[in-house]
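What follows is a short report on a single structure.
Order of appearance sets the numbers: ligands from 1, and atoms from 1 within every ligand.
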Amino acid sequence: MPRRTLIAGTGSYLPERVLTNRELESMVDTSDEWIQERTGIRERRMAAPHEVTSDLALAASRQALEAAGWGPEDITALIVATISPDMPMPATACLLQAKLGATRAAAFDISAACSGFIYGLQIADGFIRSGIHERVLVVGAEILSRVTDWQDRTTCVLFADGAGAAALRASGPEENERGIRSVSIRSDGNLWDLLYIPGGGTQAPQSERVVAERLQFIKMKGNETFRVAVRTLEMLVVETLRDNGMEAADLALLIPHQANIRIIQATAERLGLSMDKVMINLDLVGNTSGASIPIALDQAVRAGRVAPGDHVLLEAFGAGLTWGSALVTI
Ligand code: COA
């Protein structure tokens with residue numbers, strides 16, 4: 001049996017400050033009822049003014065290292081999935097590396113929005129199975145509250161802050177039934193304009209115009225994004241199970257990207273999976289993009305909802321457009 005990539009430890013961090021739907025009612029023309037009914041979100045967390053993305057990543061990473069029994073020097077590759085980096089350059093992974101003391105690691109960011117953690121898993125899986133790297137830390141970290149337009153009710157009720165991390169290593173001779181069974185990632189750049197941040201890059205460099213036209217914030221065609229997400233995710237989860245010779249009944253838990261309860265319900269329904277086999281935290285956490293899946297994974301592990309030997313399906317969909325899934329035996 002060839003070696004697999006095993007999840008040796010997970011961690012997550014949510015900032016202290018809670019922003020409720022009721023508070024949003026005083027900021028934009030919305031209501032707690034509308035937000036709960038259309039999205040499933042009740043509240044979300046906001047980073048404190050002094051916190052930057054690498055701080056959230058640091059807290060999650062420390063937990064994952066502790067769970068894995070690793071020191072920071074054990075990490076040989078450090079990957080951060082984020083669309084809200086501390087700064088355009090250098091990579092948030094390098095800033096995290098310095099804070100963590102992961103002196104031996106090659107550190108870099110990936111930009112695949114809400115699918116970023118799954119993209120990171122595939123990269124880590126390739127590194128580990130090929131023997132290039134032994135120990136990889138994959139982190140998803142976001143402070144979306146700083147790239148959200150607080151005057152736009154169609155987006156500001158959705159996005160939130162947080163970080164999650166997973167420490168990955170090669171399975172040992174006794175452990176080859178555990179680990180990542182498959183990861184698949186896809187994208188369709190033709191649909192880039194369903195969800196994007198227009199300003200701050202080379203197309204519209206930071207300027208007074210960017211600020212005046214609010215181009216530094218997330219723009220989204222919510223309805224179209226919703227429809228493509230449902231269609232794509234339904235296909236993706238069915239394909240992933242089929243490719244692994246499994247059925248939905250074999251799964252201990254589905255851990256979906258936490259974007260919208262209606263998208264998640266549609267995916268579960270397509271699989272014939274009851275909602276008690278689906279990890280949901282978006283009611284309290286909101287959509288944290290690249291951090292969404294690792295936070296949900298860590299919470300599921302710590303709550304005892306998954307145990308070693310359990311099969312878990314991770315799936316995500318986001319800007320790019322990008323999407324991906326992973327079938328993992330914990
Ligand atoms: N509060 C109250 N009303 C709102 C609102 C809010 N926060 N946001 C939008 N509305 C209004 C719209 O203006 C629209 O009003 P109109 O009919 O008078 O024009 C109405 O609600 C319906 O808007 P629509 O966009 O069709 O709603 P929806 O049912 O599609 O729900 C989203 C909107 C954003 C919740 C939903 O489209 C969604 O979740 N899309 C996917 C987003 C996503 O997951 N993005 C991240 C991908 S990782």
Side-chain angles (χ1 to χ4, degrees), residues 19-44 81-84 110-120 140-145 147-162 164 185-189 191-197 217-234 236-237 255-268 278-283 285-296 314-325:
L19 179 69
T20 63
N21 289 351
R22 286 266 174 248
E23 281 178 89
L24 282 166
E25 287 178 355
S26 64
M27 297 160 69
V28 287
D29 180 15
T30 191
S31 68
D32 177 37
E33 294 70 29
W34 191 94
I35 302 170
Q36 285 207 43
E37 193 195 306
R38 305 311 293 164
T39 73
I41 300 169
R42 283 166 35 206
E43 59 184 47
R44 70 287 290 143
T82 188
I83 49 151
S84 49
I110 49 178
S111 172
C114 304
S115 315
F117 183 75
I118 306 277
Y119 272 61
E142 306 281 8
I143 299 188
L144 297 179
S145 58
V147 291
T148 294
D149 187 343
W150 292 100
Q151 296 177 10
D152 177 3
R153 69 174 183 171
T154 68
T155 53
C156 76
V157 301
L158 304 174
F159 298 112
D161 305 339
I185 57 173
R186 294 282 304 277
S187 34
D188 183 354
L191 298 177
W192 69 270
D193 63 347
L194 293 191
L195 186 51
Y196 64 111
I197 299 174
F217 298 126
I218 295 173
K219 313 287 174 202
M220 183 177 74
K221 294 178 184 151
N223 209 278
E224 279 173 67
T225 307
F226 185 95
R227 278 186 275 120
V228 183
V230 168
R231 206 173 51 229
T232 309
L233 289 173
E234 285 183 352
L236 182 68
V237 290
I255 304 186
H257 168 49
Q258 307 286 314
N260 186 311
I261 192 70
R262 293 180 295 139
I263 298 177
I264 295 172
Q265 282 164 342
T267 311
V278 182
M279 179 65 196
I280 306 284
N281 66 10
L282 94 163
D283 51 337
V285 176
N287 182 346
T288 57
S289 192
S292 170
I293 290 193
I295 293 172
L314 316 176
E315 47 89 345
F317 179 92
L321 295 179
T322 57
W323 59 96
S325 66

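Remark: side-chain polar atoms of Gln258 are paired, donor with acceptor, to backbone N or O of Pro256 under 3.5 angstrom. A donor-acceptor contact shorter than 3.5 Å is absent between the side chain of Glu234 and the backbone of Arg231.
Using a 4.0 Å cut-off between charged side-chain N and carboxylate O, Glu33 and Arg22 make a salt bridge.
Here the closest non-hydrogen pair linking Gln36 and Ile41 is CG-O, 3.5 Å. Residue Gly120 comes nearest to Ile110 through the heavy atom pair N-CD1, 3.3 Å, listed as atom of the first residue, atom of the second, then distance.
With contacts defined as side-chain heavy-atom distances shorter than 4.5 Å, the pair Val28/Cys156 qualifies.
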Report all N/O contacts between ligand 1 and the protein shorter than 3.5 Å as a table of atom names and distances to 0.1 Å; if there are none, say 'none'.
{"residue": "ligand 1", "atom": "1 (N)", "partner": "Thr30", "partner atom": "OG1", "Å": "2.7"}
{"residue": "ligand 1", "atom": "3 (N)", "partner": "Arg153", "partner atom": "NH1", "Å": "3.4"}
{"residue": "ligand 1", "atom": "7 (N)", "partner": "Thr30", "partner atom": "OG1", "Å": "3.1"}
{"residue": "ligand 1", "atom": "7 (N)", "partner": "Arg153", "partner atom": "O", "Å": "2.8"}
{"residue": "ligand 1", "atom": "13 (O)", "partner": "Arg153", "partner atom": "NH2", "Å": "2.9"}
{"residue": "ligand 1", "atom": "26 (O)", "partner": "Asn223", "partner atom": "ND2", "Å": "2.7"}
{"residue": "ligand 1", "atom": "29 (O)", "partner": "Arg38", "partner atom": "NE", "Å": "3.1"}
{"residue": "ligand 1", "atom": "29 (O)", "partner": "Arg38", "partner atom": "NH2", "Å": "2.7"}
{"residue": "ligand 1", "atom": "29 (O)", "partner": "Arg262", "partner atom": "NH2", "Å": "3.3"}
{"residue": "ligand 1", "atom": "30 (O)", "partner": "Asn223", "partner atom": "ND2", "Å": "3.1"}
{"residue": "ligand 1", "atom": "37 (O)", "partner": "Gly222", "partner atom": "O", "Å": "3.1"}
{"residue": "ligand 1", "atom": "39 (O)", "partner": "Asn260", "partner atom": "ND2", "Å": "2.6"}
{"residue": "ligand 1", "atom": "40 (N)", "partner": "Gly222", "partner atom": "O", "Å": "2.9"}

